[in-house]
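In this chain, residues are counted from 1 in sequence order.
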Amino acid sequence: MIALIILISFPFPSYAQGREGCPTRHLGCWGDNRDRAISGGKRDFDEDDAIASCQRAAETLGYTVFGIESADECFTSWDAGSTYMKHGQKNNCDDGTGGDWSMDVYEIVCTPDFCPNPFGSWSNLDTSIHSSVGNFDIGADISI
C-alpha cells in the first residue's frame with residue numbers, strides 16, 4: 001500500500017481585501033424594536049458614510065446582510081438574512097438609512113469575482129474561523 005500525502009495551501013484573505021465595491025441589494029425598509037430584528041449589537045458610524053461603513057463591518061465579520069437605522073446605527077449578524085423581517089415591513093425609512101425604529105436592510109451580493117473563500121460561498125463557513133485564521137494548510141492522507 002502506498003500512502004500519498006497531499007498538502008494544499010489556501011490564502012485566506014480578510015473580507016475587506018479584494019471586495020472593494022462589492023455590490024449590495026436593497027431588501028427594503030423593515031421594523032425594529034428592543035427585541036432586535038438583527039442581533040449582533042449596534043455600531044455607530046458617521047451619517048455621511050453609514051452604509052459603506054456598515055457594509056465593510058459586515059464583510060469583515062463574514063456576514064452577508066446588514067441594516068442601517070436612524071441614519072447612523074449599523075446592525076449585522078450571522079443570521080441577519082433570516083431575522084430582519086421579524087417585525088414586519090415599514091414605510092418610514094429615509095434616504096436608505098432607516099428611520100425611527102426602522103432599518104433599511106441590504107444584502108451583500110457575493111459573485112465569483114468578489115468571493116474570497118476558496119471553498120465556495122463564504123457565508124457558509126463558521127465565522128469563528130474568519131477572525132482567527134490568516135493563512136492555513138489543509139492536509140489529507142490518501143491511501144492507494
Side-chain angles (χ1 to χ4, degrees), residues 4-143:
L4 176 63
I5 298 176
I6 299 176
L7 185 62
I8 303 171
S9 179
F10 290 102
F12 201 84
S14 71
Y15 290 105
Q17 295 175 346
R19 294 181 53 82
E20 203 67 36
C22 190
T24 59
R25 177 177 31 232
H26 185 245
L27 299 177
C29 179
W30 297 89
D32 198 16
N33 66 34
R34 293 195 189 284
D35 176 27
R36 295 293 188 190
I38 298 177
S39 63
K42 178 182 82 159
R43 294 159 187 84
D44 292 313
F45 292 111
D46 186 308
E47 290 182 19
D48 296 331
D49 195 36
I51 297 171
S53 295
C54 192
Q55 178 178 348
R56 280 191 300 274
E59 289 176 347
T60 298
L61 293 167
Y63 303 153
T64 59
V65 173
F66 65 93
I68 305 290
E69 186 171 325
S70 299
D72 63 352
E73 299 174 356
C74 168
F75 297 88
T76 187
S77 67
W78 68 272
D79 62 348
S82 61
T83 65
Y84 72 91
M85 299 174 279
K86 183 179 193 173
H87 303 298
Q89 280 194 292
K90 294 287 187 168
N91 60 6
N92 63 324
C93 291
D94 187 34
D95 287 332
T97 58
D100 188 32
W101 289 110
S102 61
M103 64 176 69
D104 275 293
V105 179
Y106 299 88
E107 177 182 25
I108 300 167
V109 182
C110 188
T111 65
D113 293 338
F114 291 104
C115 192
N117 175 7
F119 303 110
S121 175
W122 56 273
S123 64
N124 293 330
L125 288 179
D126 177 9
T127 56
S128 64
I129 294 172
H130 301 288
S131 62
S132 62
V133 177
N135 289 320
F136 64 97
D137 294 324
I138 298 174
D141 287 329
I142 300 175
S143 296

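Atoms NZ and SG, from K42 and C74 in turn, are 11.0 Å apart once rounded to the nearest 0.5 Å. Taking OG1 of T64 as the start and CD of E59 as the end, the distance is 10.5 Å to the nearest 0.5 Å. With rounding to the nearest 0.5 Å, the separation of CD1 in I68 from CG in D104 is 8.5 Å.
Put simply, the side chain of Y84 never gets that close to the backbone of M103: no donor and acceptor are under 3.5 Å apart.
The local environment of CG in N91 is sparse, with at most 12 non-hydrogen atoms from other residues, nucleotides or ligands closer than 6.0 Å.
In plain terms, the two heavy atoms of A71 and A50 that are nearest each other are O-CB, 3.3 Å. The heavy-atom pair separating G81 from V65 by the smallest distance is CA-CG2, 3.7 Å. Nearest heavy atom pair, residue S102 against residue C93, reads OG-SG, 3.8 Å. Closest non-hydrogen pair, Y106 versus T24, comes out as CD2-OG1, 4.1 Å.
For K86, the salt bridge (Lys or Arg N to Asp or Glu O under 4.0 Å) criterion is met by D35, not counting sequence neighbours.
One finds a salt bridge joining R56 and D49 here, because a Lys/Arg side-chain nitrogen approaches an Asp/Glu carboxylate oxygen to under 4.0 Å.
Residues E73 and D44 meet the side-chain proximity criterion, which asks for heavy atoms closer than 4.5 Å. Inter-residue side-chain proximity for R43 and T76 is flagged as met; some heavy-atom pair is nearer than 4.5 Å. You'll find the side chain of H87 stays beyond 4.5 Å of the side chain of W30, heavy atoms only. The closest side-chain heavy-atom distance from I38 to F66 is not below 4.5 Å.
The residue from D95, D72, T97 that alone fulfils the side chain to side chain contact (heavy atoms under 4.5 Å, CB included) condition with E47 is D72.
Side chain to side chain, S39 and R36 fail the donor-acceptor criterion of an N or O pair below 3.5 Å.
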Notebook entry, point to check: Are C22 and Q55 close enough, and set up right, to give a side-chain contact (heavy atoms from CB on, under 4.5 Å), and what steps lead you there?
Noted result: CA-CA 9 Å; C22 190; Q55 178 178 348; 4.0 Å; yes
